[in-house]
*Asks:* 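Attaching a single structure in structure tokens format; questions to follow.
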Amino acid sequence: MIVMEEMLVIRGGSPLKGDITVHGAKNAVLPLLLAGTLTDEEVEISDCPFISDVEAMTLLMRSLGVDVSREGRSIRVRGSAKRANADGALSKTMRSSMFMLGALLSTVHEVHMPLPGGCNIGARPLDIHIDGLRAMGARVEAGEDMLDCYADELRGADIVMRYPSVGATENLMMCASLAKGDTRLINCAREPEIVCLAKGLKSMGADISGEGTSVMRIRGVGRLKGASLAPCGDRIVAGTLVAATAVAGGDVRIYGVDPSDISSVTDVFKSEHCRISGDDVCVRVRADGRIHPVNISTAPFPLFPTDMQAQLMGAMCFSDGVSVIDETVFERRFAHARELVKLGADITLDAGRAIVRGSALTGRKLQGAIMHARDLRGGAGLAIAALGAEGESAIFDIGYIDRGYERLEDMFSCLGADISRLPVQGEM
Ligand code: EPZ
């Protein structure tokens, strides 16, 4: 049987020029889809990118009996889940199935799902989700590989989160919106996707304040109503474009994202060789391809995002100095380093720290190579490095990249990059 895999083939050296608008954020669309199940009225989510995580989530929702359908770039959700048992195979493959917890407990009052195990970037425990749900009166039984939750009635509570978990914040927001009484989420996540979810829930009638700060107050209401929801632009896709332009050189204007949502990223890349300007709707990057080293730690918003760590590492492989990158959010998020080394990058790993000696310092130019994406953002980091390397690179296992980027090759080629998606024929 012929197995048609695909690969990205990239020839470095072309500068990037032009205007581009980023699609709706994957990490905003996923929770908004589940927020749509909190009412029996129709909810429409616009600008839903054609990426596999979104398609998988709609399949998972359908397996729960939710009437969900895609109409172009919009997805309509009509009504709540009808079942409490999530599709085992699907929910196991998707970490974001965790976002179902809050929505299902609020509507079906129980959830039975396989624990969506760890993934390539870390163990991904669920204690913060579970502690918060229990504080609101849910009964949660976490077995070896199953999670069984019951909540006849959810009550508002003061919940101190030991870490500002994005997913746990989103789950608890969805529970609190329909709970009896008031909830305070203390030390909650502050990401733009959280603010976007709060805005969406409020347009459905939820009573939320403090979103975007470390203390969110949610007063439970009796019911929520239908609405049209719009995701915020994908700040990680925008950040990926900033990193790519810094490496390849050129002049790119990025639209569709709030520039203040990526200021921690643009601040890192800004230099006399990478001028970043713009207004309240556009980020303009003008770069000559020379990169200065950085010293950063990833951290929750508004600091440098872990989802941009691989893209930053890909860029720092070309710098004229030594960069220190501390990954403090996930414990196994350096798999892209060993792939970048295939290009000739000089990277040393020590626990959660990566030391990158740039090629403009060592004099060792990066040469095209065959690489494998090991996770979603790591794959984007490899593509960025290939744009700056000499010669041709191939990136395999690009299904990871397709989870979060809507045809990455089109995004870069429309700006002038020499990149294409080709079939890889293999025998099973
Ligand atoms: C969301 O994942 C994003 N995914 C991730 O993006 C992102 O990297 C992450 O937030 C951090 O910003 C979606 O929104 C779908 P967390 P999430 O809970 O919610 C630990 C991408 O590339 N933790 O904020 O799972 C956890 O192990 C993806 O788009 C606990 O210990 O992230 C991690 O170390 C990758 N216990 C840290 O907190 C818990 O109960 C941050 O996790 C929950 C989390």
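Atoms within a ligand are numbered from 1 in the order they appear, just like the ligands themselves.
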*Asks:* Can you tell me which portion of Gln309 lies within the under-4.0 Å heavy-atom range of ligand 1? Options are side chain, backbone, both, or neither.
*Replies:*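 For Gln309, no heavy atom sits under 4.0 Å from ligand 1.
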
*Asks:* For ligand 1, which atoms sit closer than 4.0 Å to a heavy atom of Gly167?
*Replies:*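 Result: 18 (O), 19 (O).
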
*Asks:* Would you mind listing which atoms of ligand 1 come within a distance below 4.0 Å of any non-hydrogen atom of Tyr163?
*Replies:*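 Ligand 1 atoms under the 4.0 Å threshold to Tyr163: 37 (C), 38 (O), 41 (C).
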
*Asks:* So which protein heavy atom does atom 18 (O) of ligand 1 come closest to, and at what separation?
*Replies:*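 Protein heavy atom at minimum distance: Ser165 OG, 2.7 Å.
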
*Asks:* Between Arg124 and ligand 1, does any nitrogen or oxygen pair lie at a separation below 3.5 Å?
*Replies:*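 Yes, at least one N or O pair falls under 3.5 Å.
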
*Asks:* Among all protein heavy atoms, pick the one closest to atom 11 (C) of ligand 1 and tell me residue, atom and distance.
*Replies:*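 For atom 11 (C) of ligand 1, the nearest protein heavy atom is Thr306 CG2, 4.0 Å.
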
*Asks:* Check each atom of ligand 1 against the heavy atoms of Lys26 and keep those under 4.0 Å away; list them by number with element.
*Replies:*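 In order of number, 21 (C), 29 (O).
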
*Asks:* Would you kindly specify which portion of Val166 sits under 4.0 Å from ligand 1, judged on non-hydrogen atoms: side chain, backbone, both or neither?
*Replies:*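 Looking at Val166 and ligand 1, atoms from backbone and side chain both fall under 4.0 Å.
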
*Asks:* Could you tell me the residue and atom name of the protein heavy atom closest to atom 26 (C) of ligand 1, and the distance to it rounded to 0.1 Å?
*Replies:*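 Checked against all protein heavy atoms, atom 26 (C) of ligand 1 sits closest to Phe330 CE2, 4.1 Å.
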
*Asks:* Side chains of Leu340 and Leu343: does their closest heavy-atom pair fall under 4.5 Å?
*Replies:*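 In short, these two side chains touch, coming nearer than 4.5 Å.
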
*Asks:* Heavy-atom distance to atom 34 (O) of ligand 1: which of Ile194, Asp375, Val329, Asn27 wins?
*Replies:*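 Of the listed residues, Val329 has the closest heavy atom.
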
*Asks:* CG of Leu224 to CE of Met204: how many Å apart, nearest 0.5 Å?
*Replies:*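 Taking CG in Leu224 and CE in Met204, the distance rounds to 5.0 Å.
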
*Asks:* Hey, what do you get for CD (Glu409) to CG (Asp418), rounding to the nearest 0.5 Å?
*Replies:*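 One finds 12.5 Å between CD of Glu409 and CG of Asp418.
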
*Asks:* Counting only heavy atoms closer than 4.0 Å, does ligand 1 sit against the backbone of Asp127, its side chain, both, or neither?
*Replies:*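 Asp127 to ligand 1: contacts from backbone and side chain alike.
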
*Asks:* Can you check which of Pro125, Ala380, Ala25 brings a heavy atom nearest to atom 39 (C) of ligand 1?
*Replies:*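 Nearest heavy atom to atom 39 (C) of ligand 1 lies in Pro125.
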
*Asks:* On a heavy-atom basis, I'd like to know which of Ile121, Ile128, Asp307 is closest to atom 28 (C) of ligand 1.
*Replies:*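 When every heavy atom of Ile121, Ile128, Asp307 is considered, Asp307 comes closest to atom 28 (C) of ligand 1.
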
*Asks:* Looking only at side chains, do Arg78 and Ser69 share a donor and an acceptor under 3.5 Å apart?
*Replies:*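 Per modelled atom types, Arg78 and Ser69 side chains form a pair under 3.5 Å.
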
*Asks:* Tell me which part of Glu170 gets within contact of ligand 1: side chain, backbone, both or neither, using heavy atoms under 4.0 Å.
*Replies:*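 None of Glu170 does.
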
*Asks:* Is any side-chain heavy atom of Leu241 closer than 4.5 Å to one of Leu415?
*Replies:*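 In contact.
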
*Asks:* Would you call the rings of His112 and Tyr150 parallel, tilted or perpendicular, where under 30° means parallel and over 60° means perpendicular?
*Replies:*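 Ring orientation of His112 relative to Tyr150: perpendicular.
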
*Asks:* Taking only heavy atoms of Leu376 into account, list the atoms of ligand 1 that are under 4.0 Å away from them.
*Replies:*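 Counting atoms of ligand 1 from 1, those under 4.0 Å from Leu376 are 22 (O).
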
*Asks:* Within the structure provided, determine whether Met100 and Met61 are in side-chain contact (heavy-atom separation under 4.5 Å).
*Replies:*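 No; the side chains remain at least 4.5 Å from each other.
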
*Asks:* Looking at atom 20 (C) of ligand 1, is any protein heavy atom nearer than 4.0 Å to it?
*Replies:*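 So atom 20 (C) of ligand 1 lacks protein heavy-atom neighbours under 4.0 Å.
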
*Asks:* Side chain or backbone of Phe99 under 4.0 Å from ligand 1, or both, or neither, by non-hydrogen atoms?
*Replies:*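 The answer is the side chain of Phe99.
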
*Asks:* Less than 4.5 Å apart, any side-chain heavy atom of Glu41 and any of Val43?
*Replies:*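 No, side chains not in contact.
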
*Asks:* Please name the residue in the list Asn187, Leu126, Ile128, Leu172 that meets the side-chain contact (heavy atoms from CB on, under 4.5 Å) test with Ser165.
*Replies:*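 Going through the options one by one, the only one that passes is Ile128.
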
*Asks:* Just to be sure I'm reading this right: ignoring hydrogens, which of Arg377, Met308, Arg333 gets closest to atom 35 (C) of ligand 1? Compare them by their nearest heavy atoms.
*Replies:*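 Result: the heavy atom closest to atom 35 (C) of ligand 1 is in Arg333.
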
*Asks:* Do we see a donor-acceptor contact under 3.5 Å between the side chains of Arg70 and Thr58?
*Replies:*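 Thr58 and Arg70 do not have a side-chain donor-acceptor pair below 3.5 Å.
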
*Asks:* So, 4.0 Å and heavy atoms of Arg162: is ligand 1 close enough to count as a contact?
*Replies:*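 It does, in that a heavy atom of Arg162 comes within the 4.0 Å cut-off of ligand 1.
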
*Asks:* List ligand 1 atoms under 4.0 Å from His129, heavy atoms only on the residue side.
*Replies:*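 Under 4.0 Å from His129, ligand 1 has these atoms: 40 (O), 43 (C).
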
*Asks:* If we check side chain to side chain donor-acceptor pair (under 3.5 Å) with Glu327, which of these qualifies: Arg333, Gln309, Arg353?
*Replies:*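 Of Arg333, Gln309, Arg353, side chain to side chain donor-acceptor pair (under 3.5 Å) with Glu327 is met by Gln309 alone.
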
*Asks:* For a 4.5 angstrom cut-off between non-hydrogen side-chain atoms, does Asp326 reach Thr298?
*Replies:*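 No - every pair of side-chain heavy atoms lies 4.5 Å or more apart.
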
